[in-house]
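First comes the structure, then the notes that go with it.
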2 protein chains.
Amino acid sequence: MPHISDVIDNSSQDTKKHNSTRELLTRARSLAGKTFAQFAELLGTALPRNNVSSKGWFGQQAEVYLGATAKSRAEPDFVELGIELKTLPLTSHHQPKESTYVCTVPGEIMGQQWQTCWLRRKLAHVLWLPYEADNKIDWAQRRIGTAILWQPSKAQHDALKQDWEELMANLSLGEMAQISSHQGQFLQIRPKAANSRELTNMVGSDGNSTPNLPCGFYLRPDFTRLILQQHYN
Amino acid sequence: MPHISDVIDNSSQDTKKHNSTRELLTRARSLAGKTFAQFAELLGTALPRNNVSSKGWFGQQAEVYLGATAKSRAEPDFVELGIELKTLPLTSHHQPKESTYVCTVPGEIMGQQWQTCWLRRKLAHVLWLPYEADNKIDWAQRRIGTAILWQPSKAQHDALKQDWEELMANLSLGEMAQISSHQGQFLQIRPKAANSRELTNMVGSDGNSTPNLPCGFYLRPDFTRLILQQHYN
DNA sequence: AGGGATCCATGATTGGATCCCA
DNA sequence: TGGGATCCAATCATGGATCCCT
């Protein structure tokens, strides 16, 4: 049984966390309407000259601006808040343009559980940062949208859980090579590598290790579209 | 049963290997008597300005000069010959100045066997390249010695095997933290890291993973002293 | 003088994602 | 238009070892 002071401390922590979360959202929303060029100026950095060679630029600079602490580490972007930052490219019709990368598919399949898996933790609390990604708009002139702080609804959670468990079951059945991007209603598994010759080792349920393309979990556009609708309607 | 042509091919391979090994030794010995400054000039590179910040310089440049193929990979330096290159720093009395790093201690202890372990493969065939390492000699003026091509004698092999099996047995008993550099007659285990705060995961015989300092196997000077004596007497 | 601590280079891995063709 | 392929930055891990204090 916790001592009363622990309860008081926790409660105080929760209040701080709540306030910090609101500050984070406020700061993120202060970017709404700004172009990439204006954003770069805010940061005092130069815009990369083209988008092909700077795919992750906006996401990484947004982390810097919002004070994310985890640089390429296996932690939430905002550790103390448990919040993950994800940029969300939009078409000219303000629909998701792409699937959204979530995290890498674990190389060790055995013993993975939904309750504790990395994907679930990543998607437990997300700060979405939409932006214009229509190729007809000059890159420097693309505008940042209004940030959305989101947690999965019961239905969304359950749908993700079902997809995840189906995909993981298929993986453990052995042939990673047979896993298709077509599986999964909202979640899919796709290659995630520098190139198609890259290989890592997958350890299957039989304990054997086989070389495979590194893969990642991606959210299909249908899923992120729901999030946008949920917020704007 | 092999076809007769396979036998002929192998024999041809062996001859090539023999010749290449002699060429390697000859090329290595052509460095005998040269100073670091002269060696750097041979390579067309600059000498690093001090030795503290360039600990691996000679070893790495020697690999380049001798055509080693494995750059930081888990292979022998000269893959086709199965030969490992090791530089050997000497005192003013031409005795080994330091213990000699061999390889990292595997993070997975279970199932390790002497017959197939990396340490045994590394030490199966070594091209030793001695050089003056007395701090009283200006770094640029240190001279390279006569290369020695070495394979362990039966007695040396057995002694290494005994040390290795003793050390590995201790590791698998659990407490990596309790392993001491004092153990082992010719072989020891010591830290091998950027700094003492670095940690990696060790998987013990119980299958549990515990964080530990990354460690390496080192040959004690007594061992390399034997190799020098064996050759020069 | 032995052993705990440390230094550099480079390849591999991971986290940020979007590209782009059939 | 979906999914196979790819791009950059930064960290991590490994291979090359020697430093340097007690």
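What's counted below: heavy atoms across the whole structure, side chains too, no hydrogens, waters or symmetry copies. Letters go in sequence order (proteins before strands), and every chain restarts at 1.
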May I ask you to verify if any side-chain N or O of [X] is less than 4.0 angstrom from the OP1 or OP2 atom of [N]?
{"X": "B:R220", "N": "C:dG3", "answer": "yes"}
{"X": "A:T87", "N": "C:dA17", "answer": "yes"}
{"X": "A:H182", "N": "D:dG3", "answer": "yes"}
{"X": "A:T104", "N": "C:dG15", "answer": "yes"}
{"X": "B:K97", "N": "C:dG2", "answer": "no"}

Length of the line joining [X]:[atom1] and [N]:[atom2], which is rounded to integer Å:
{"X": "A:E98", "N": "D:dT6", "atom1": "CD", "atom2": "P", "answer": "16 Å"}
{"X": "B:E63", "N": "D:dT14", "atom1": "CD", "atom2": "P", "answer": "17 Å"}
{"X": "A:R190", "N": "D:dT1", "atom1": "CZ", "atom2": "C1'", "answer": "11 Å"}
{"X": "A:L85", "N": "C:dA17", "atom1": "CG", "atom2": "P", "answer": "6 Å"}
{"X": "A:L88", "N": "C:dG16", "atom1": "CG", "atom2": "P", "answer": "15 Å"}
{"X": "A:I189", "N": "D:dG2", "atom1": "CD1", "atom2": "C1'", "answer": "16 Å"}
{"X": "B:D222", "N": "C:dA1", "atom1": "CG", "atom2": "P", "answer": "12 Å"}
{"X": "A:Q61", "N": "D:dA9", "atom1": "CD", "atom2": "P", "answer": "11 Å"}

Between [options], spot the one nearest the side chain of [X], thanks.
{"X": "B:Q188", "options": "C:dG3, C:dC7, D:dA5", "answer": "C:dG3"}
{"X": "A:K55", "options": "D:dC19, C:dG16, D:dG4", "answer": "C:dG16"}
{"X": "A:Q60", "options": "C:dG4, D:dA9, D:dG16", "answer": "D:dA9"}

So with a 6.0 Å cut-off around CD of B:Q156, is the heavy-atom count from everything else above 12?
-> yes

Counting heavy atoms not belonging to B:Q162, are there more than 12 under 6.0 Å from its CD?
-> no

Among A:Y65, A:F58, A:W57, which one satisfies side-chain contact (heavy atoms from CB on, under 4.5 Å) with A:Q61?
-> A:W57

Check every strand shown and say whether [X] touches a base, only sugar-phosphate, or nothing at a heavy-atom separation below 4.0 Å.
{"X": "A:P221", "result": "nothing"}
{"X": "B:P89", "result": "sugar-phosphate"}
{"X": "B:F58", "result": "nothing"}
{"X": "B:G56", "result": "base"}

Residue met sooner reading DNA chain C from 5', once A:W139 and A:W57 are mapped to nucleotides | A:W57

What about B:K192: does its side chain form a donor-acceptor pair under 3.5 Å with the base of D:dG16?
-> yes

Output for pair (A:E98 CD, A:T91 OG1), nearest 0.5 Å, gives 11.0 Å

Student check: side-chain heavy atoms of A:T224 and A:W150 closer than 4.5 Å = no

Does the pair A:K136/A:D134 count as a salt bridge with the N-to-O cut at 4.0 Å?
-> yes

